[in-house]
Amino acid sequence: MEPGFKITGLKRRRVHESVADQIRQAIFGGLLAPGHKLPPEREMADGFQTSRVALREALRALEKEGMLTIKQGFGGGAFVADFDNALRALLDSLNTVVKLGRANSAHLSEVRAILEPEITRLASLRATPADLRAMEAVVLAQEKKLQTGWLNSRPDSCSGPSGRGCLEFHSRVAEAAHNSVLNIVVNAVNESIRDPISRSKLTYEMRSRVVTSHRSIFEAVSSRDAVRARSVMTQHIVDVQCHLDSTNRE
């Protein structure tokens, strides 16, 4: 087994859960870094003093969590996943909850209304010149598309080509806050609300209000006006949810 990756005896709990927990803790503790390949199944099963069936169940559970990537064939095996893979697992889990009907756009907007105004305030205090350029690039692209009619002519225009759409601006704001936990949570929530927004009847007036709000948020952040940045983002999220509510009533 790997140096520092110590295996302890398994408790009474289900065997595969104990195996998964020990591997999980090794990853959290930095003993297993992203991209690291775990030992062969037989070696790990012997080390954990368990069956290969229980080991495989543990590995599948960790893969589902986004902790591991399992590759088949030559050069395959179980690898510690990188950040993007773990984030994808979180997004998939939240999307599943939404699609099962256990959360709706109003629930998602509540979370956004709690988090995003504060994130925007932090962005106004922490944004670097590169962050501001990234935010402005999204706003300028949206304004250009609105002027040319592109935003009004496509049903999927909130997503847009190359992801340059309504929610990308919010991702840039979250990045500018420089808080990785908030960034992950906001991106997960916004990914889940993408479909309700895309399916709604986005009139030219509504699209124009979204772009105008993004411009106002960017200007408040770039001028380091934390109070205004927070206020404008709050109103923007409320405005979008009002639009979704009116669409759902039709």
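Counting heavy atoms from C-beta on, the side chains of P117 and I237 come closer than 4.5 Å. R215 has its side chain within reach of L140: a pair of non-hydrogen atoms, C-beta onward, lies under 4.5 Å apart. Inter-residue side-chain proximity for V138 and Q142 is flagged as met; some heavy-atom pair is nearer than 4.5 Å. Between N190 and E116 the shortest side-chain heavy-atom distance falls below 4.5 Å. Looking at heavy atoms from C-beta onward, L146 lies in side-chain contact with Y204 at the 4.5 angstrom threshold. Side-chain contact check for M67 versus I23: every heavy-atom pair is 4.5 Å or farther apart. Contact of the I217 side chain with the V139 side chain is not registered, since no non-hydrogen atoms from C-beta on lie closer than 4.5 Å.
When all heavy atoms of S105 and I193 are compared, the closest pair comes out as O-CD1, 4.0 Å. Minimum interatomic distance between T69 and A81 (heavy atoms only, all atoms of both residues): OG1-CB, 3.7 Å. The heavy-atom pair separating V221 from A229 by the smallest distance is CG2-CB, 4.2 Å. A pairwise comparison of heavy atoms in A45 and L55 identifies N-CD2, 3.8 Å as the closest pair. Counting all heavy atoms, side chain and backbone alike, A174 lies closest to N183 at CB-OD1, 3.4 Å. Contact detail for A58 and V19: the closest heavy-atom pair is CB-CG1, 3.7 Å.
In the hydrophobic clustering of ILVMFWY residues, with side-chain heavy atoms under 4.5 Å counting as a link, F79 and L38 come out apart. The hydrophobic clustering, which links ILVMFWY residues whose side-chain heavy atoms are closer than 4.5 Å, places L244 and V111 together. Placement of L108 and I114 within a single hydrophobic cluster is found when ILVMFWY residues are connected by side-chain heavy-atom separations under 4.5 Å, directly or transitively. L125 and V181 are not part of a single hydrophobic cluster, where members link through side-chain heavy atoms under 4.5 Å apart.
A salt bridge links R194 to E191: at least one charged side-chain nitrogen sits closer than 4.0 Å to a carboxylate oxygen. The pair E175-R172 meets the salt-bridge criterion, with a side-chain N (NZ, NE, NH1 or NH2) lying under 4.0 Å from an Asp/Glu carboxylate O.
Among residues at least two apart or in separate chains, side-chain hydrogen bond (donor to acceptor under 3.5 Å, both in side chains) pairs with a member in residues 119-131 are E118-R121, T128-D131, D131-H178.
Atom OG of S222 sits about 13.0 Å away from atom CZ of R133, to the nearest 0.5 Å. H16 contributes atom NE2, which lies 11.0 Å from atom CG of L59 (distance to the nearest 0.5 angstrom). For the atom pair OG1 of T50 and CZ of R56, the computed distance is 12.0 Å after rounding to the nearest 0.5 Å. We find the OG1-CD distance between T212 and E205 to be 10.5 Å, quoted to the nearest 0.5 Å. Rounded to the nearest 0.5 Å, atoms CZ (R24) and CG (L32) are 13.0 Å apart. The NZ atom of K144 lies 9.5 Å from the CD atom of Q147; values are rounded to the nearest 0.5 Å.
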Between I197 and V240, does a side chain to side chain contact (heavy atoms under 4.5 Å, CB included) hold up when you go through it step by step? CA-CA 8 Å; I197 292 176; V240 170; 4.2 Å; yes

Criterion side chain to side chain contact (heavy atoms under 4.5 Å, CB included) on L122 and L182, from CA distance to verdict: CA-CA 11 Å; L122 291 175; L182 287 174; 4.0 Å; yes

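No side-chain donor-acceptor contact under 3.5 Å links D239 to the backbone of Q235. With hydrogens and angles disregarded, no donor-acceptor distance shorter than 3.5 Å links the side chain of S231 to the backbone of V227.
Among Q241, R209, H214, R112, the one residue that satisfies the side-chain hydrogen bond (donor to acceptor under 3.5 Å, both in side chains) test with H236 is H214.
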